[in-house]
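What follows is one structure encoded as structure tokens, with my remarks underneath.
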Amino acid sequence: MARKQVREGAVQERDFFQDVMDVVRLVPKGRVTTYGAIARYLGAARSARIIGYCMNSSHAVRPPVPAHRVVNRNGVLTGKHHFPDNAPMQKLLEAEGVHVVKDQVERFHELLWDPMVELDFQE
DNA sequence: TCCATGACGAGAT
DNA sequence: GATCTCGCCATGG
């Protein structure tokens, strides 16, 4: 993140990328969250795309980011294609007890971990 | 510096 | 209710 073009209404501190990584790491094992939920939590409600785009670079981030716990609003593993063959997104999820059928998380609504709710957003 | 792109979401048709 | 279109804005070329 060479440039920090922080704008009003968006991120107010740190890099957007860092914030995204931070929130994703907070997702408990066995739970999943959505790009939109993260976006809203960061104050960029309509910037869900950026969350996904940032995830593109998450592979080189340390500590590792549990990107497999992030799916789209339908509970679909849209980013599975970005995972290495030795650690498929679905495999990682099922290893945590999350059942995936046809690239879709079962019981999605129950497993959904919304930072706005779980972290008791109060700002 | 400007342009195109993208692991999305919500409203419109 | 299924599909299409547009908006959003950080990254990379």
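Lettering of chains follows the sequences in order, A, B, ..., and the numbering in each one begins at 1.
When heavy atoms are screened at a 4.0 angstrom cut-off, A/Asn56 is found touching base atoms of the nucleic acid.
For A/Tyr53 and C/dA10, the OH to C1' distance is 8 Å, given to the nearest whole Å. Between A/Leu92 atom CG and B/dA7 atom C1' the separation is 15 Å, expressed in whole Å. If you take CG of A/Asn74 and P of C/dA2, they are 12 Å apart, rounded to a whole angstrom. One can place CZ of A/Arg40 at 12 Å from C1' of B/dA10, the figure rounded to the nearest angstrom. Between A/Ile51 atom CD1 and C/dA10 atom C1' the separation is 10 Å, expressed in whole Å. Remark: P of C/dA10 and CE of A/Met55 are 17 Å apart, rounded to the nearest angstrom.
Here A/Tyr53 is tied to no hydrophobic group at all, with no ILVMFWY side chain closer than 4.5 Å.
Side-chain proximity of A/Asn72 to B/dC8, B/dA7, C/dT11: nearest is B/dC8. The nucleotide whose nearest atom lies closest to any side-chain atom of A/Phe17 is, among C/dT11, C/dG7, B/dA10, C/dT11. Considering only the side chain of A/Ala67, B/dA7 comes nearest among C/dG12, B/dA7, C/dC9. Closest approach to the A/Thr34 side chain among B/dG9, C/dG7, C/dT11 is made by B/dG9 (side chain taken as heavy atoms from C-beta onward). Distance from the side chain of A/Ser47 is smallest for C/dC9 among the nucleotides C/dC9, B/dA7, C/dT11. Out of B/dA10, B/dC8, C/dT11, the shortest distance to the side chain of A/Arg73 is found at B/dA10.
Partners of A/Arg107 by side chain to side chain donor-acceptor pair (under 3.5 Å), not counting sequence neighbours, listed by chain and number: A/Glu110. Residues meeting the salt bridge (charged side-chain N to carboxylate O under 4.0 Å, His left out) test with A/Glu96, sequence neighbours left out: A/Arg69. In this view, A/Arg49 satisfies the salt bridge (charged side-chain N to carboxylate O under 4.0 Å, His left out) rule with no residue, not counting sequence neighbours. With sequence neighbours excluded, no residue forms a side chain to side chain contact (heavy atoms under 4.5 Å, CB included) with A/Ala60.
Annotation for A/Met55 and A/Val65: closest pair CE-CG1, 4.4 Å, computed over non-hydrogen atoms.
Counting atom types as modelled, A/Arg49 pairs no side-chain N or O with a base atom of B/dG9 as donor and acceptor under 3.5 Å. The base of B/dA7 is paired with the side chain of A/Tyr35 by a donor and an acceptor separated by under 3.5 Å.
Between the CD atom in A/Gln104 and the CG atom in A/Asn72 there is a gap of 8.5 Å [rounded to 0.5 Å].
A heavy atom lying under 4.0 Å from DNA chain B marks the following residues of residues 75-90 of chain A, by number: A/Thr78, A/Gly79, A/His82, A/Phe83.
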